[in-house]
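Report on the following structure.
Below, read A as the first sequence line, B as the second, and so on, with proteins coming before strands; counting in each chain starts at 1.
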Amino acid sequence: MHDLLFEAYGPQHWWPAKTRFEVILGAYLTQNTSWKAVERSLANLRAAGAMTVDGLRSLTLRKLQLLIQPSGFHTRKAHALKKFVALLDDEFAGSLKKLASAPTAALRARLLALPGVGPETADAILLYALGHPVPIADEYLRRIAERHRLLIPAPGHSRKGYESLTTLTRQAFAADAPKSHARLFNEFHALTVAVGKAHCRRIAQCADCPLADDPHTAGDQSR
DNA sequence: CGCCAGGCCGTGT
DNA sequence: ACACGGCATGGC
């Protein structure tokens with residue numbers, strides 16, 4: 001899938017951010033939110049000098065909420081971001097570098113324990129901000145996998161479902177590409193979003209899906 | 001106007 | 001364990 005999508009779409013240049021902390025901010029802000037809206041919040045944060053850990057720490061909660069308002073859920077997300085900085089300060093001396101040097105499994109568990117951090121956000125931070133080789137499962141990948149009969153269709157999206165999709169992705173890469181997983185996971189997730197947007201929103205758009213000459217449109221699936 | 005977006009969480013069954 | 005609604009805003 002990675003190779004087919006890469007051939008069709010080319011490099012996606014993810015994550016669109018300059019610093020690790022900017023990736024983390026984006027990972028929180030883009031939860032169920034279009035990236036376009038996130039860009040406006042990020043611009044606000046940049047203008048306020050809050051694109052760094054120190055900058056964000058010095059903001060009041062209210063001020064932070066105001067700055068990230070354009071990307072929605074600002075009350076929850078502002079709280080969550082403050083809690084992330086608190087974790088960084090309390091357990092890693094305020095250092096993203098120290099945070100990044102923690103073992104992957106323990107770090108993932110610690111991130112998941114934070115409010116506002118679920119599986120996808122945790123993995124996005126691990127992969128795109130901290131450089132850990134973890135795959136990212138998301139709604140797009142689930143749709144694509146089901147559409148192409150790689151995953152048994154399941155009605156709800158349970159946490160367990162995402163964890164199993166994560167495991168399957170990791171195993172698939174482990175079998176076919178033993179090396180450079182971080183780079184492949186990085187590109188694959190970006191490509192997944194690209195093809196998901198282009199072809200998996202509506203069944204009619206699957207005609208020229210790069211993943212298959214014969215798209216599996218027979219089995220319905222409304223999305 | 002209605003639907004959706006690069007999810008997560010609390011609550012009820 | 002799973003389903004379901006709330007969270008907020010802007011694009012299209």
Tell me, which of residues 119-133 of chain A have any heavy atom that sits under 4.0 Å from an atom in DNA chain B?
Pro119(A), Glu120(A), Thr121(A)
Within one Ile-Leu-Val-Met-Phe-Trp-Tyr cluster: Leu151(A) and Leu141(A), side-chain cutoff 4.5 Å:
yes
Nearest-Å distance once atom P is located in both dC1(B) and dA8(C)
23 Å
Can you check the Leu112(A) CG to dC9(B) P distance for me, whole Å?
8 Å
Checking side chain to side chain contact (heavy atoms under 4.5 Å, CB included) for the pair His189(A)/Trp14(A): CA distance, chi angles, key distance, verdict?
CA-CA 9 Å; His189(A) 175 59; Trp14(A) 272 33; 3.5 Å; yes
For Glu187(A) and dG6(B), give me the distance from atom CD to atom P, rounded to whole Å.
17 Å
Of dT9(C), dC2(C), dA8(C), the nucleotide closest to the side chain of Asn32(A) is dA8(C)
Give the nucleotide from the list dA8(C), dC2(C), dG6(B) with an atom nearest to the side chain of Lys160(A).
dC2(C)
Verify side chain to side chain contact (heavy atoms under 4.5 Å, CB included) between Leu99(A) and Leu96(A), making sure each step is shown before the conclusion.
CA-CA 5 Å; Leu99(A) 181 74; Leu96(A) 284 174; 4.1 Å; yes
Which of dG6(B), dA5(B), dT9(C) is nearest the side chain of Arg143(A)? It is dA5(B)
Taking every non-hydrogen atom, the tightest pair across His132(A) and Ala100(A)
NE2-O, 2.7 Å
With sequence neighbours left out, write down each residue that passes side-chain hydrogen bond (donor to acceptor under 3.5 Å, both in side chains) with Thr166(A), or none if nothing qualifies.
none
Between the side chains of Arg142(A) and Glu139(A), is the shortest nitrogen-to-carboxylate-oxygen separation below 4.0 Å, so that they form an ion pair?
yes
Whole-Å distance, Leu165(A) CG to dG6(B) P, equals 17 Å
I want to confirm an ordering. Mapping Ala37(A) and Phe73(A) to their closest nucleotides on DNA chain C, which one lands closer to the 5' end?
Phe73(A)
In one Ile/Leu/Val/Met/Phe/Trp/Tyr side-chain cluster, 4.5 Å: Tyr162(A), Leu111(A):
no
In whole Å, I'd like the distance from the NZ atom of Lys83(A) to the P atom of dC8(B).
18 Å
Pick base, sugar-phosphate or nothing for Thr192(A), based on heavy-atom distances below 4.0 Å to the nucleic acid.
nothing
Which nucleotide in the list dA5(B), dT9(C), dC8(B) gets nearest to the side chain of Gln31(A)?
dC8(B)
Distance col, row His181(A):NE2 vs Arg170(A):CZ, nearest 0.5 angstrom, shows 10.0 Å
Length of the NE2-C1' vector between His79(A) and dA8(C), whole Å
16 Å
Between atom CG in Asn44(A) and atom P in dT9(C), what is the gap in whole Å?
13 Å
Counting any heavy atom closer than 4.0 Å, what does Val38(A) reach on the DNA or RNA strands: base, sugar-phosphate only, or nothing?
nothing
dC9(B) base to Arg76(A) side chain: any donor-acceptor pair below 3.5 Å?
no
Are more than 12 heavy atoms, taken from residues, nucleotides or ligands other than Lys83(A), located less than 6.0 Å from that residue's NZ atom?
no
Show the distances under 3.5 angstrom between N or O atoms of the protein and N or O atoms of nucleotides 10-13 of chain B.
none

Can you tell me how far C1' of dA8(C) sits from CG of Leu66(A), to the nearest Å?
14 Å
With rounding to whole Å, what would you report as the distance between dA3(C) and dG6(B) at their P atoms?
24 Å
Please state how far atom NZ in Lys77(A) lies from atom P in dG6(B), giving the value in whole angstrom units.
11 Å
Can you tell me if Thr75(A) touches the phosphate of dA8(C), counting only side-chain N or O atoms and a distance under 4.0 Å to OP1 or OP2?
yes
With the criterion set at under 5.5 Å between ring centres and under 30 degrees between planes, would dG6(B) be stacked on Tyr140(A)?
no
Classify the ring geometry between Phe6(A) and His2(A) as parallel (under 30°), tilted (30 to 60°) or perpendicular (over 60°).
parallel
Do Ser71(A) and Lys77(A) get their side chains close enough for a donor-acceptor pair, meaning under 3.5 Å?
no
Contact under 4.0 Å: Lys36(A) side-chain N or O vs dA5(B) OP1/OP2
no
